[in-house]
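Everything on this sheet refers to the single structure shown next.
The structure presented is a predicted model; accordingly, all values stated were derived computationally and were not measured.
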Protein chains: 2
Amino acid sequence: MTETVRFVALLFPDVTQLDLTGPVQLFSRLPGAEVHLAWHDTAPVATDAGFSIVPTTTFADAPQADVLLVPGGQGAFDLLADDVALDFVREQARGARYVTSVCTGAFVLGAAGLLEGRRATTHWASHPMLDLVGAVPTHAHVVRDGNVLTGGGVTSGLDFALTLIAELAGDDAARRVQLTMEYDPRPPFDAGAPGRPEADPEQVRRATADARARREPLVRAAVERRAS
Amino acid sequence: MTETVRFVALLFPDVTQLDLTGPVQLFSRLPGAEVHLAWHDTAPVATDAGFSIVPTTTFADAPQADVLLVPGGQGAFDLLADDVALDFVREQARGARYVTSVCTGAFVLGAAGLLEGRRATTHWASHPMLDLVGAVPTHAHVVRDGNVLTGGGVTSGLDFALTLIAELAGDDAARRVQLTMEYDPRPPFDAGAPGRPEADPEQVRRATADARARREPLVRAAVERRAS
């Protein structure tokens, strides 16, 4: 019999929807996978990309996750002041086999106290702030530390998902999903990360400064609330 | 002033949601982009991945697209018998700057008569059937023929989207989106397409046979209806 694997992901307003929809697409092709998207209620949630996704469950009703996934985006920083959401993350993390994030979802794990002393990664523009939540910032697409798996920015969620599927079900299962999803990337440019030949250093500088200006106060406030 | 670019994508039951949500994420970061997801009505539409997306508009109310996008998935083959959907695609295509598909969305373009004599691509498992709709099947991640741009399976939609953004707004605009999306892929396996070193030839054989068994009758019926 195929083992059931429950993926419970947070869905929230202004999520960078590909942080969520990329990994969930790959997970959904793993035999036995169940996908749950949780929010306070089940009214449609507006993503960052001009359309809404409907939660499948609520914080109150979600089943215990085998894999807890927190995606990122500007909306993730609003969650840092949402005690119900943070309690949900902490509670789910206690029983999950894997506690995971993509992109700036790492800051939600951090605000819930789940990255203390753990190696972790996040989107490049917010990476310099990751130490604020007690993490050991690590530059890689996917970082594993114990049962905590974090992925880099947005599309890194695909590499993250394959890595996680391999952990859960073996390398061959991950290869089968990769082939089904035709994940054989051939980007037409080589600009996908800071330091790549076609990446604009000025864009990197501006985006990093902008992330710090808009997000650092929210991250610091969350850390102070947890300490108090 | 930034030019408005209207992306109108089809949303339908059992869509492979990443065919849609991948490209739409990248498009949404292009300055001036407007994203519209159209279906018969605006009730939530169940995707293939266990959750629903809400259409932003209907076939009757959608604005004229600058870029028309048809995603794929098993649900795309149900559209081949949906005259309202096919009329919408044909009507939109008449006024669009670019007529595009990802994955098996190509068969919807084909059933609407838009691939006649055009080079095109689709997901590898359905690629051998592409000639049935009059296309010139071409093996590439992204194929352009005139104003028709088709992408390969699922995650090829990211390479497709960057190619299209470069067409619309220049290479530098595409590079900026690529960096923002951290699209610097590092798949942990090399199994993403038939013929790759870790791709299982038996999975390729089975999936191709399965696609033909389930889909060829629907494609042939659509072609016959159009001819009659």
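- The heavy-atom pair separating A:A191 from B:Q178 by the smallest distance is N-OE1, 3.3 Å.
- At a 4.5 Å heavy-atom cutoff, the contact between A:L158 and chain B is made by side-chain atoms alone.
- Between chain B and the residues A:V35, A:L20, A:T180, A:V142, the largest count of heavy-atom pairs under 4.5 Å involves A:T180.
- When each of B:A193, B:G50, B:A33 is checked for heavy-atom pairs under 4.5 Å with chain A, B:A193 comes out on top.
- Judged by distance alone, with hydrogens and angles left aside, the side-chain atoms of B:H141 form a donor-acceptor pair with the main-chain N or O of A:D184 at under 3.5 Å.
- A donor-acceptor distance shorter than 3.5 angstrom exists from the side chain of A:E182 to the backbone of B:W124, with no hydrogens or angles considered.
- Between the CE atom of A:M181 and the OG atom of B:S156 there is a distance of 10.5 Å, given to the nearest 0.5 Å.
- Chain B forms the most heavy-atom pairs under 4.5 Å with one residue out of A:R186, A:R29, A:R176, and that residue is A:R186.
- Contacts of A:A166 with chain B are made by side-chain atoms alone, with heavy-atom separations under 4.5 Å and no backbone atom involved.
- Note that OH of A:Y183 is 11.5 Å distant from CG of B:D190, once rounded to the nearest 0.5 Å.
- Chain A forms more heavy-atom pairs under 4.5 Å with one residue of B:E34, B:H36, B:R196 than with any other, namely B:R196.
- Interface residue B:R175: backbone and side-chain heavy atoms are both found under 4.5 Å from chain A.
- By the 4.5 Å heavy-atom criterion applied to side chains, A:V54 and B:V54 are counted as neighbours.
- Of the listed residues (A:F51, A:F27, A:F189), the one with the most heavy-atom contacts under 4.5 Å to chain B is A:F189.
- For A:T47, no part sits under 4.5 Å from any heavy atom of chain B, backbone or side chain.
- Ranked by heavy-atom pairs under 4.5 Å with chain A, the list B:V177, B:D172, B:L162, B:V204 is led by B:L162.
- Residue A:P194 touches chain B through both its backbone and its side chain, counting heavy-atom pairs closer than 4.5 Å.
- With a threshold of 4.5 angstrom between heavy atoms, A:H123 approaches chain B through its backbone and through its side chain.
- Contacts between A:S28 and chain B at a heavy-atom distance below 4.5 Å involve the side chain alone, from C-beta outward.
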Would B:L26 and A:L18 count as a side chain to side chain contact (heavy atoms under 4.5 Å, CB included) if you check the C-alpha gap in whole Å, the side-chain angles of each, and the deciding distance to 0.1 Å? CA-CA 9 Å; B:L26 274 57; A:L18 188 54; 4.2 Å; yes
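- With respect to chain A, the highest number of heavy-atom pairs below 4.5 Å among B:V45, B:I53, B:T163 belongs to B:I53.
- Interface residue B:T56: only side-chain heavy atoms are found under 4.5 Å from chain A.
- Of the two parts of A:L11, neither the backbone nor the side chain holds a non-hydrogen atom closer than 4.5 Å to a non-hydrogen atom of chain B.
- Considering B:D48, B:D19, B:T155, B:T21 in turn, B:D48 is the only one that fulfils the side-chain hydrogen bond (donor to acceptor under 3.5 Å, both in side chains) rule with A:Q25.
- With a 4.5 angstrom heavy-atom cutoff, A:L179 touches chain B via backbone and side-chain atoms both.
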